[in-house]
Colleague: 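I'd like to ask you about the structure that follows.
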Amino acid sequence: MESPTAGGGGGGGEAGAASSSSSSSGPSTSSAAAAATASASASSSAVATRYLAKRVLRGSAVLHVAQGCFRSPDCVDVVLCKENSLELVVIGEDGVLQSICEQTTFGIIKDVGVLNWRCTHFGLMPKIEGKEILVILSDSGKLSLLYFCSEMHRFFAIVNIELSKPGNLRHRLGRILAIDRESRFVAVSAYEDEFAFVRVSVDHKLHAPNGEIEEDAKIISTAYNTSSIHGTVWSMCFISTCLDEEYYPVVAMIVNRGSDVNDLALYGLDSHKRTIDRISTYLEAGPLALEISEIPQLYGFALMFRAGDVLLMDLRNPKDISCIHRISLSTSLIGDHVSVEDSCRGLDVDDDVAACALLELRDSGNNMMRDDSYMDIDGTDNKAVVKSRIVCSWNWEPNAMQGHPRLIFCLDDGEFHLLEFSLDMEGVKVLPECVHRGLPCKPLLWMDKGMVVGFVEMGDGMILQLENNRLVHKSAIQNVAPILDLAIADHHGEKQDQMFACCGMCPEGSLRVIRNGVNVEKLLRTDPIYHGVTGLWTLRMKRTDAYHSFLVLSFVEETRILSVGLSFNDICDAVGFQTDVCTLACGLVADGLLVQIHSKCVKLCLPTACAHPEGTLLPSPVCADWYPDVTISVGAVGHNVVVVATSNPCCLYILGVRSLSSFQYELYEIQHVQLHYEVSCISIPQEDWRLDNSSSSCATSGDFRKDFAANIRKFAVIGTHEPSVHIISLEPGEAFQQLAVGHISVNNALGTPISGCIPENVRFVVAARFYILAGLRNGMLLRFESQTSKGHCFPGSFYKESSTPCDDTSLMLIAVRRIGITPVVLVPLHDRANADIIVLGDRPWLLHSARHSLAYSSISFLPASHVTPVSSTDCPNGLLFVSENCLHLVEMVHGKRLNAQKFSIGGTPRKVLYHSDSRTLLVLRTGLTSVSCSSDIVQIDPSNGALLSRFKCEPGETAKCMQIAKIGNDQVLIVGTSKSNGRPMMPNGEAESIKGRLILLSLETIESPRESAEELSSNSMCSSPDEVCCNQIQPELMAGHLRSLVQHTFNGAVLAVHPYLDRYVLAAAGNVLFVFGFLNESPHRIKKYTTSRTRFTITCLKTYASRIAVGDCRDGVLFYSYHENLRKLELIYSDPAQRLVGDVALLSCETAVVSDRRGSISVLSCPRLEVSESPEKNLAVHCSFYMGETAMSIQKVAFKHWLPIDDLTEPVLESVYNCVVASTLLGSIFVMIPLTSEEHQMLQDVQERLSVHPLTAPLLGNDHAEFRRRGIPSGVPPILDGDMLVQFLELTSEQQHDVLNIVSPGKKRQHDISVFQVMRALERGSSNSIG
């Protein structure tokens, strides 16, 4: 397959390809502008204006965190709440965070809490028994109570309690929540004025007179509202008081009533009137009060966090509030104790700055507060220093010593402090201690066993361990937010797309190499000498061995046996296998006894000590053979049993092994039977002798272990040419008894059966229940299940006891997925019945066995024909792939949430380009701490992070933009700068009065990677095998410097540059667009040809052929054309609405994709107008989509490696390669995939049905259509939501049919849609997943 390409830039040849990685412009041309426009217009009509937008990488910026027993009473789970998604994770004892699942919420999360109902409401709602309930406030205006469903592997809403409609207004409930310690009341506030108590409980079941359940238990809620707050609510918590008989519950609230000082107010629910009253108010001049929290165990006492100090408040009598201690934060240093004083002196503090800091921390992820700071990301790297230090996050110790609650908090300068409280006859005592200094974290979570988890806003989070009152770093939590720029390339021809992303901001800025799928660490690769491999297996010498001993390779006419290790040695003669045949199967039949199956016989071997230390001491292996009368076609080896099948006639044989004497063994036939159909594959489940109970305390395989203790029959799974799958008994005396059968019948959209549905591989899997996986020869993957009796994992026919009820023996086809066109091979990662499975087809996948339906992730590796798990002392969790005639030893990295390699960049990376000639990256950095240079451009080797060359900006100058161009025969880098470190534009969008430069750098002498180049230095904070970091860069040690060719100074910061038509350069300085040309095609001689002005600052430029797209920071996207003869720029089309442009990409001369900073992305194009119409022509908005995140980088790309192989041969899908990629400030990556009109209409119908189906409807109660159309003018067609549609693939076949049978309210039933049609359309984009 060809490598993925992005649309070419204004430059030609390789330079244009490199430029395209971040420029999104179309192919260049050397003809006249008019001819270029005409030729491009001919193909532009084919550019699709119907799209599906799918999030291929969910955001990594964590805004809220909650801890609880969500899966079961024994699990300690953590939920990471991002802007519009939830991620359930666990943190192991080794301090490594592992992701369990992640789901989109289709709504903006505002706040989160936990209802501790684990020990209450027994016998009422079985689905929540023993579990804690996640409570979420969102922009839906509903209070959502969520529980985790193990079967579906995701959260579902028990109830969505409506609080307000609409729910995203400042004066509507839905901003902050608090939960009382008894989990009976939830307090909810709006941004301002409104507040409510919501009482929640579980109603009892209603029983009929005959005892039958008439109505199931349900959640009931009662809300008590008030609109008399008269101010903005900043924080609140429940308080235990002495007035329970008069007021219950009571809430302490920090309220700003329009002054420079916040007050503390106590509100209570009148126990008699059932109204909310303000009990008292506490107000004192001094620092700004920010947040409040009750002290656990010391009920009635609370901490009030202010700018520069913390007050210990006595609220036991809510009518008489008093402050009993003040903890000053203004002078503490690392290692020093903070001071504790009895007085409450006010501090001289800049309240405005503190308030701004609070709002930035508290509402960084909130859609409602963005308008005030939508240009923050464009500003300086070092914000103004707040005079008084602020507590930006805090958390209480869980299960603290009785009477000694402890609090850990983090200041905005990165200091971590520990406060211990105790209450005695003299009052409350506070013991403070500074325990760590690092990066400021928000939020912060204190877990059991002293584990502390902190999340950094614009950098990697951290997991710390509290040891001897000091925090010790355990591991890092990857966070790629914000993604400021993105370049995409198939680096080194690896046949997989890699994204080079500018992530984070100073001091945590980094360059990330993001790859598709589950990460694998490559350990060893052999020479391409393994041609024609037909089989690959690893074998142990004994079933209880921890490591494998033998690697068996089968070829067309040969078999080789190698010893397992980092070096593989040939030991064929010492094992005893026949080497001049093609091995069909092999395995360990008993300890020390190996079996080889080939077409002529079954061979039993006892290896010698030369092959394994525990082998026989005889000079040659001990062997025994069994020969059938006909040719063997397939076989399998199990514990003390061998099963083989023949093709003509179609027979099935069961063989046993017995010992005749010392070192003498015999293979003998137990039974055989003739079949109606030929057997295509056989699989015998391996009994699990190495169950790790400690690692599966939260797993759902407990019933499986109990059932095996109850003597489940030995059985095998076979696939036949009927086609069908059968489970047959292998027990003596009842061999071949059929325990279950599933017939394979898969139809296409026309209702006719699909050919090639013969099983290639079958596997038995046990999770919450047992199921059968079948990989077919036509590239499809099937899942079969059977009904089981209550309390059992298997059907009754599987049990030896006759008392077990016998269920229907038919297997039901639960789910079907098409993953390619090549035969599907299934290889489990280990011998356990609940092991995850590697699926080989057109490319490798990892199937998650415990998940509902068929859920799998792509593996970041080359297409492979064979794979086997391999375990050795040097590599206990290895995988051996056969790909491109080589053996590849790799190790799968399960602990990583993102498949991303990190290079710390020592500043803020703003722009990145991939230079294809040198296979290096060009990175624009700002925020450097060097005295002589605060911004530069560096060349980096993406393989190891080595710095190869550099261009330093002048002191006080900041690089803003860059693009690669080809001028004549020379490659150059165009750079735009600002001569000031301040903001380049005013808050109203007008340009600041500052200078800027246009610089051309030569790329002809750019350094290629070499081993001696300087590598980025290691950072102990983030040290891991895949993280290479650099914080201190020594410029004098670099290999070379980028040479400046020419420069030009402007009155305005140069925020955007771009090559144009191979011979021009476009530059935007302030609100002026410049066109420069080169005399005699020499990059040393530049000349200004013309200019054009816009109303506001130009932030981005893109080109396609002769078309120029200009992004005005307020007026949206503008289309220009340049007349070469007249040397004049002409405005052709304008944006129909004002738009705060994030970025723009041109798909053709007439179509552009543009993002705005309020979270939307739109496709605009030129309407067909008559010549006589007004010259003021507006672009037409063809479709839009509300992402809920600001996209700062958009580009047009082609992802050929993400599509099934057969799709590459279909001409009708050529437009699928014209995808659009957008990266956001919250760390998400979206891909927009073009659709045909028929696909769009069909999938839109499916999306509407999914949005109302109980299993797939928006989790938080949002109206899906309203959410995705937020801020979009009425009448604009929607871009389809891939996150909603992909849920269709996670459903079983029965559930999929239920969805398609839904009739949308107010609509007539449309023509029937087949599951096959929907699956076919969705699976083209289903593989686009990262991480």
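Remember, predicted model here, so these are calculated numbers, not experimental data.
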Colleague: Look only at the side chain of Asn1071 and the backbone of Arg1093, and say whether a donor-acceptor pair between them is shorter than 3.5 Å.
Modeller: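 No; judged by distance alone, with no hydrogens or angles, the pair does not exist.
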Colleague: Give the minimum heavy-atom separation between Gly1077 and Tyr1064, together with the two atoms involved.
Modeller: CA-CD2, 4.0 Å
Colleague: Flag the pair Phe1078 / Val1065 as yes when at least one side-chain heavy-atom distance between them is below 4.5 Å, and no otherwise.
Modeller: yes
Colleague: What are the two closest non-hydrogen atoms of Val480 and Gly1227, and how far apart are they?
Modeller: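 Answer, listing the atom of Val480 first, then Gly1227: CG2-O, 3.6 Å.
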Colleague: So, do Cys502 and Arg910 sit near enough that their side-chain heavy atoms are less than 4.5 Å apart?
Modeller: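 Heavy-atom side-chain distance check fails, nothing below 4.5 Å.
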Colleague: With rounding to the nearest 0.5 Å, note down the distance linking OG1 in Thr1151 to CG in Leu1146.
Modeller: 8.5 Å
Colleague: Quick one: do Arg1114 and Leu1140 satisfy side chain to side chain contact (heavy atoms under 4.5 Å, CB included)? Show the steps, please.
Modeller: CA-CA 5 Å; Arg1114 285 189 177 270; Leu1140 308 175; 4.0 Å; yes
Colleague: Measure across Val1117 and Ala1109 and return the closest heavy-atom pair with its distance rounded to 0.1 Å.
Modeller: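 For Val1117 and Ala1109, the tightest heavy-atom pair comes out as CG2-CB, 4.2 Å.
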Colleague: Working to the nearest 0.5 Å, report the span between CG of Leu1101 and CG of Leu1073.
Modeller: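 Reported to 0.5 Å precision, the distance equals 6.0 Å.
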Colleague: Looking at every heavy atom in both Ala1056 and Cys961, which two are closest together, and how far apart are they?
Modeller: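 Shortest heavy-atom contact: N-SG, 3.4 Å.
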Colleague: Thr1103 and Pro1059: which non-hydrogen atoms are nearest, and at how many Å?
Modeller: OG1-O, 3.5 Å
Colleague: Is the shortest heavy-atom distance from the side chain of Ile940 to the side chain of Leu948 under 4.5 Å?
Modeller: no
Colleague: Any chance you could measure Ile1108, atom CD1, to Leu1061, atom CG, to the nearest 0.5 Å?
Modeller: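 These two atoms lie 7.5 Å from each other.
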Colleague: Could you check Arg997, Lys952, Lys995 and say which one makes a salt bridge (Lys or Arg N to Asp or Glu O under 4.0 Å) with Glu957?
Modeller: Arg997
Colleague: Is the backbone N or O of Leu1042 less than 3.5 Å from a side-chain atom of Ser949, with the two atoms forming a donor-acceptor pair by type?
Modeller: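 Checking the backbone N and O of Leu1042 against the side chain of Ser949, no donor-acceptor pair under 3.5 Å is found.
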Colleague: Could you check whether any side-chain heavy atom of Val972 comes within less than 4.5 Å of a side-chain heavy atom of Leu1003, counting everything from C-beta outward?
Modeller: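 A side-chain contact is absent here, since even the closest heavy-atom pair is not under 4.5 Å.
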Colleague: Are the side chain of Ser978 and the backbone N or O of Ser980 linked by a donor-acceptor pair below 3.5 Å?
Modeller: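 Side chain of Ser978 to backbone of Ser980, a donor-acceptor pair under 3.5 Å: yes, one is there.
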Colleague: Should His915 and Gln939 be marked as a side chain to side chain donor-acceptor pair (under 3.5 Å) after you check the CA-CA gap, both sets of side-chain angles, and the distance that decides it?
Modeller: CA-CA 9 Å; His915 186 247; Gln939 180 199 8; 5.9 Å; no
Colleague: Got Leu922 and Phe951 here, is their nearest side-chain heavy-atom distance under 4.5 Å?
Modeller: no
Colleague: Is there a side chain to side chain contact (heavy atoms under 4.5 Å, CB included) between Arg1139 and Leu1164 once you walk through the steps?
Modeller: CA-CA 12 Å; Arg1139 194 184 309 269; Leu1164 287 71; 3.9 Å; yes
Colleague: Kindly indicate whether the side chain of Val1057, heavy atoms from C-beta on, has any atom under 4.5 Å from the side chain of Val975.
Modeller: no
Colleague: Please report the C-alpha distance between Thr1090 and Tyr1122 in whole Å, then the side-chain angles of each, then the deciding distance to 0.1 Å, and finally whether the side chain to side chain contact (heavy atoms under 4.5 Å, CB included) criterion is met.
Modeller: CA-CA 9 Å; Thr1090 188; Tyr1122 176 61; 3.6 Å; yes
Colleague: Looking at Leu913, Leu1001, Ile999, Val912, which hits side chain to side chain contact (heavy atoms under 4.5 Å, CB included) with Met962?
Modeller: Leu913
Colleague: Working to the nearest 0.5 Å, report the span between CE of Met1232 and CG of Leu1147.
Modeller: 7.5 Å
Colleague: State whether a side-chain donor-acceptor pair under 3.5 Å links Asn479 with Ser60.
Modeller: yes
Colleague: For His1084, is there any backbone N or O sitting under 3.5 Å from a side-chain donor or acceptor partner on Ser1082?
Modeller: yes
Colleague: In this structure, which one of Thr977, Ile974, Val1046, Thr1049 forms a side chain to side chain contact (heavy atoms under 4.5 Å, CB included) with Leu998?
Modeller: Ile974
Colleague: Between Arg1107 and Glu1150 (salt bridge meaning N to carboxylate O under 4.0 Å), is one present in this structure?
Modeller: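 Salt bridge: no.
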Colleague: Looking only at the aromatic ring of each residue, does the gap between the centers of Tyr1060 and Tyr1089 stay below 6.0 angstrom?
Modeller: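 No, the ring of Tyr1089 stays outside the 6.0 Å limit from the ring of Tyr1060, centre to centre.
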Colleague: Show your reasoning for whether side chain to side chain contact (heavy atoms under 4.5 Å, CB included) applies to Val1075 and Leu1066.
Modeller: CA-CA 5 Å; Val1075 178; Leu1066 304 176; 3.6 Å; yes
Colleague: Indicate whether any N or O donor in one side chain lies under 3.5 Å from an N or O acceptor in the other, for Asp485 and Ser1193.
Modeller: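 Looking only at side-chain atoms, Ser1193 and Asp485 do form a donor-acceptor pair, the distance falling under 3.5 Å.
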Colleague: Out of curiosity, Met458 CE to Met505 CE, how far, rounded to the nearest 0.5 Å?
Modeller: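 Here the interatomic distance stands at 5.5 Å.
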Colleague: Can you spot which of Asp1115, Asp1135, Asp1112 makes a salt bridge (Lys or Arg N to Asp or Glu O under 4.0 Å) with Arg1095?
Modeller: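 Result for salt bridge (Lys or Arg N to Asp or Glu O under 4.0 Å) with Arg1095: Asp1115.
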Colleague: Do Gln478 and Lys902 have side chains that approach each other closer than 4.5 Å (heavy atoms only, starting at C-beta)?
Modeller: no
Colleague: Would you give the length of the straight line joining atom CD1 of Ile514 to atom CD1 of Ile1229, rounded to the nearest 0.5 angstrom?
Modeller: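 Here the interatomic distance stands at 4.5 Å.
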Colleague: Is any side-chain heavy atom of Lys1196 closer than 4.5 Å to one of Tyr1104?
Modeller: yes
Colleague: Taking Asp1143 for the side chain and Ile1194 for the main chain, is one N or O donor matched with an acceptor at less than 3.5 Å?
Modeller: yes
Colleague: Is it true that a side-chain atom of Ser1121 and a backbone atom of Glu1130 form a donor plus acceptor pair closer than 3.5 Å?
Modeller: no
Colleague: At their closest point, which heavy atom of Pro1083 faces which heavy atom of Leu1045, and how far apart are they?
Modeller: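 That would be CB-CD1, 3.9 Å.
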Colleague: Does the distance from a Lys or Arg side-chain N to an Asp or Glu carboxylate O, for Asp936 and Arg925, drop under 4.0 Å?
Modeller: yes
Colleague: Hey, is the main chain of Leu486 close enough, under 3.5 Å, to the side chain of Ser1223 for a donor-acceptor pair?
Modeller: no
